[in-house]
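From a predicted model like this one, the values you see are computed outputs, not experimental measurements.
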Amino acid sequence: MLSTTRATISASAAALIAVGGFLGATALAAAVFALVVVLALGWPVLLRASRRRTASVILIGGGALALVAVLAGRVEPHLRHMAVAVALMVIAALVSEVFWPSSRGRAVTSVAATCGGAIVVASGAAWVAAARTNGAEDLVVTGGIALAVAAVTGVMTRSAQANSLIALGMGTLSGAATGALFPEIPWYAGAGVGLLCAIIVTLLQELNRREPRQPGWLPGMASALAPVLAAGALVYIGGRLLVG
């Protein structure tokens with residue numbers, strides 16, 4: 001998948017997160033789950049897992065459980081029960097090797113790929129936790145916009161270093177500008193969240209640039225959605241520290 005296509009998908013997914021955050025926690029959870037399903041289908045291919053269907057089932061089920069755990073929590077911190085979903089995904093990744101063993105010499109790679117995906121999908125559930133944090137709801141919209149801006153501006157030139165600097169600067173500026181529009185959050189909180197979102201986008205874009213391209217569109221979709229879901233944990237932490 002071309003870097004420009006991947007950036008477009010990332011920006012579209014970030015816009016979906018922003019819209020979901022504007023509509024409320026239930027709509028946001030639905031948007032996150034849709035992204036989790038697509039990522040789970042392509043993630044095992046992207047990380048060269050041996051039993052790809054098994055890994056996808058684990059990630060989809062664990063992502064759904066993480067979202068339910070966040071939505072079911074009545075009081076803060078909303079992520080306290082999500083740790084159970086992460087633990088179950090890790091255990092499932094290990095147990096699956098007993099019943100559906102990977103190809104010879106690929107067991108460690110497959111388990112590591114599934115556990116890495118578990119962290120990404122669980123981080124996606126943190127978007128919903130951020131939306132439910134008192135005073136930090138608007139940070140979801142701010143973070144989604146910053147992600148979209150960083151993804152698009154991160155492929156503007158042929159220089160990887162220049163793209164990273166542009167994405168970091170524009171992500172921070174867009175976060176500050178969006179945060180200034182909301183009365184619930186100070187502009188510097190928006191700038192901080194924008195910077196965090198830009199950092200995760202630039203880091204994962206650089207990793208994708210260095211890795212050989214996998215055939216098919218599913219691994220490309222997974223690589224494009226990974227920074228959007230992973231940024232959920234950063235936005236939640238930013239909301240707890242700067243606002244909530």
Run the side chain to side chain donor-acceptor pair (under 3.5 Å) check on Ser50 and Ser110 step by step: do they pass?
CA-CA 6 Å; Ser50 181; Ser110 297; 4.7 Å; no

What about Leu195 and Leu147, same hydrophobic cluster or not, with Ile/Leu/Val/Met/Phe/Trp/Tyr joined at side-chain heavy-atom distances under 4.5 Å?
no

Are more than 12 heavy atoms from other residues, nucleotides or ligands located less than 6.0 Å from atom CZ of Phe182?
yes

Please round to the nearest 0.5 Å and tell me the distance separating atom CG of Leu168 and atom SG of Cys197.
11.5 Å

In this structure, CG of Leu229 is separated from CD1 of Ile200 (nearest 0.5 Å) by 11.0 Å

Hydrophobic clustering (ILVMFWY, side-chain heavy atoms < 4.5 Å, transitive) - are Leu59 and Phe33 grouped together?
yes

With heavy-atom distances below 4.5 Å as the criterion, would you say the side chains of Ile199 and Leu203 are in contact?
yes

Is there a donor-acceptor pair under 3.5 Å between the side chain of Trp43 and the backbone N or O of Val38?
no

Return the CZ to CG distance between Arg6 and Leu204, rounded to the nearest 0.5 Å.
10.0 Å

Rounded to the nearest 0.5 Å, what separation is found between the CD1 atom of Ile17 and the OG atom of Ser12?
12.0 Å

Tightest non-hydrogen contact, residues Ala18 and Gly144, listed as CB-CA, 4.2 Å

Would you check if Val45 and Arg52 make a side-chain contact, meaning some heavy-atom pair closer than 4.5 Å?
yes

Decide whether Val32 and Leu65 are clustered together by the hydrophobic rule: side chain heavy atoms of Ile, Leu, Val, Met, Phe, Trp, Tyr closer than 4.5 Å, transitively.
no

What distance separates Ser223 OG from Ile9 CD1, expressed to the nearest 0.5 Å?
7.5 Å

Determine, using the 4.5 Å side-chain heavy-atom cutoff (strictly less than), whether Val152 and Val149 are members of one ILVMFWY cluster.
no

Expected output: side-chain Glu97 to main-chain Val111 donor-acceptor under 3.5 Å:
no

Could you state whether Trp100 and Leu94 fall into the same hydrophobic cluster, counting links through intermediate Ile, Leu, Val, Met, Phe, Trp or Tyr residues with side-chain heavy atoms under 4.5 angstrom apart?
no

What distance separates Thr142 OG1 from Trp187 CH2, expressed to the nearest 0.5 Å?
13.5 Å

Got a donor-acceptor contact below 3.5 angstrom from the Ser56 side chain to the Ala40 backbone?
yes

Donor-acceptor pair, distance only, cut-off 3.5 Å: does the side chain of Thr178 make one with the backbone of Gly175?
no

